[in-house]
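Handing you this structure, nothing more for now.
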Amino acid sequence: MQKKIALINDVTGFGRCSIAVELPVISALKVQCCPLPTSVLSNHTGFDSFYFEDFTDSMPAYIAEWKKLNLKFDGICSGFLGSHRQIKIVEDFFKTFKTDENIILVDPVMGDYGKLYSTYTTQTCTEMKKLVKYADILTPNLTEACILTDEEYDEKCPGRELFRIAKKLSDMGPSKIVITGIVRGKYIANYCYEKGSEGYEIKTMKVGTQRSGTGDIFASILAADAVNGVDFHTSVKKASQFIKKCILKSIELDIPVTDGVCFEELLTTLR
């Protein structure tokens, strides 16, 4: 039977991020995507104004219907969560739908550049740590990795420190860690660690500027590849290179930075 991933994230109508990006990417990799919305936004928060509808109160009833249907998932992928209440709901979801056979990927969207996002508090960060223990794959950026391990943020974090942080994260539960978006001069590096092994960096030439949705593309490729049995190293490299191509295509087509990456132009190349 075709594999299925439960995708927990927000629905954003414009700006290419979250479920709007992850669903087509997962589908392109021949996996059925089953979204569980956490909120609905007219456009992402990088714009001057936006409409926001919190879906927290509706999530339990939504999930209850999936329980009635006795749905089984080959993978579960969680992204941005808007409150500590949602984290508790997702933890319960993991407890219900986690099996010995499926894979959970947690993208702990909490901050960047050494700072928390405005919607996050110390309490929310503490709650997020509870989800880490359920993850098979964890995809924090360097800021989020430091928050989860109570380490000091250093944008030039050397390899030995990345290894130490990644090992601390792995000791919390996940067998595979990738710390994303580390600036290395002309390159962007992703630091990969698998439990019981040495870590390593996969570097990609830096192009353009940061755009919304790149983290969502990255997480969705890793999640779909994981349930399809693709090697972790191969998957990280594939995701990094695909994002680079999407950014270059967006520059070529003069797509505004706020509009994210035009991945649609290259979706058919994703294998």
- Item | All salt bridge (charged side-chain N to carboxylate O under 4.0 Å, His left out) counterparts of Arg184, not counting sequence neighbours | Glu201
- Taking all heavy atoms of Thr124 and all of Ser83, pick out the closest pair and write down the distance. CG2-C, 4.3 Å
- Message: If I compare all heavy atoms of Ala6 with all of Phe93, which pair ends up nearest, and what's the gap?
- Response: CB-CZ, 3.9 Å
- Task: Give a yes or no on this: more than 12 heavy atoms of other residues, nucleotides or ligands lie within 6.0 Å of atom NZ of Lys167.
- Result: no
- Task: Could you list all the ring pair (Phe, Tyr, Trp, His ring centres under 6.0 Å) pairs where at least one residue sits in residues 23-44, not counting sequence neighbours?
- Result: His44-Phe47
- Note on the structure: All heavy atoms of Ala219 vs all of Thr139, minimum pair found to be CB-OG1, 4.4 Å
- Task: Would you list the pairs meeting ring pair (Phe, Tyr, Trp, His ring centres under 6.0 Å) in which at least one residue belongs to residues 109-148, sequence neighbours left out?
- Result: Phe94-Tyr134
- Restricting to pairs with a member in residues 122-131, which pass salt bridge (charged side-chain N to carboxylate O under 4.0 Å, His left out), not counting sequence neighbours? Glu127-Lys130, Lys129-Asp150
- Does Thr56 use its side chain to pair, donor to acceptor, with the backbone of Gln86 at less than 3.5 Å? no
- Item | Partners passing side chain to side chain contact (heavy atoms under 4.5 Å, CB included) against Ile103 (at least two apart in sequence or in another chain) | Asp136, Ile137, Ala226
- Message: Any heavy-atom pair between the side chains of Leu81 and Met128 that's under 4.5 Å?
- Response: yes
- Looking only at side chains, do Lys68 and Asn70 share a donor and an acceptor under 3.5 Å apart? no
- Message: Quiz question: by atom type and distance under 3.5 Å, do the side chains of Ser18 and Asp10 form a donor-acceptor pair?
- Response: yes
- Among pairs that include at least one residue of residues 213-230, which meet side chain to side chain donor-acceptor pair (under 3.5 Å), considering only residues two or more places apart or in two chains? Asp225-Ser235, Asp225-Lys238
- Specify the closest pair of heavy atoms between Ala189 and Lys203, including all atoms of both residues, with the distance to one decimal. CB-CG, 4.0 Å
- Sequence neighbours excluded - ring pair (Phe, Tyr, Trp, His ring centres under 6.0 Å) pairs with any residue from residues 137-190: Phe163-Tyr193
- Heavy-atom pair with the smallest gap, counting every atom of Thr149 and Ala145: OG1-O, 2.7 Å
- Is the shortest side-chain N to carboxylate O distance from Arg16 to Glu264 below 4.0 Å? yes
- Could you list all the ring pair (Phe, Tyr, Trp, His ring centres under 6.0 Å) pairs where at least one residue sits in residues 208-264, not counting sequence neighbours? Tyr200-His233
- Heavy-atom side-chain proximity of Ile221 to Val236 below 4.5 angstrom: no
- Would you say Gln2 has more than 12 foreign heavy atoms packed within less than 6.0 Å of its CD? yes
- Task: Apply side chain to side chain donor-acceptor pair (under 3.5 Å) to the pair Lys244 and Thr204, showing each step before the final yes or no.
- Result: CA-CA 8 Å; Lys244 178 184 174 182; Thr204 307; over 6 Å; no
- Query: What heavy-atom pair brings Gln210 and Asp112 nearest, and what distance separates the two atoms?
  - Reply: NE2-OD2, 3.2 Å
- Report the C-alpha distance between Ile165 and Ile179 in whole Å, list the side-chain angles of each, state the deciding distance to 0.1 Å, and finish with yes or no for side chain to side chain contact (heavy atoms under 4.5 Å, CB included). CA-CA 9 Å; Ile165 291 170; Ile179 302 174; 4.2 Å; yes
- Task: Give a yes or no answer on whether the side chain of Glu144 reaches the backbone of Asn141 with a donor-acceptor pair at less than 3.5 Å.
- Result: yes
- Message: Going by the rule salt bridge (charged side-chain N to carboxylate O under 4.0 Å, His left out), which residues pair with Lys115 if we only count those two or more places apart in sequence or in a different chain?
- Response: none
Compile the donor-acceptor pairs under 3.5 Å between side chains in residues 22-33 and protein atoms, sequence neighbours left out, one pair per line.
| residue | atom | partner | partner atom | Å |
| --- | --- | --- | --- | --- |
| Glu22 | OE1 | Asn9 | ND2 | 3.1 |
| Ser27 | OG | Leu23 | O | 2.8 |

- Query: Who are the side chain to side chain donor-acceptor pair (under 3.5 Å) partners of Thr234, not counting sequence neighbours?
  - Reply: Asp231
- Task: Hey, could you give me each pair passing side chain to side chain donor-acceptor pair (under 3.5 Å) that has a residue in residues 246-256? Not counting sequence neighbours.
- Result: Lys249-Glu252
- Do the side chains of Phe52 and Val40 get nearer than 4.5 Å, heavy atoms only? no
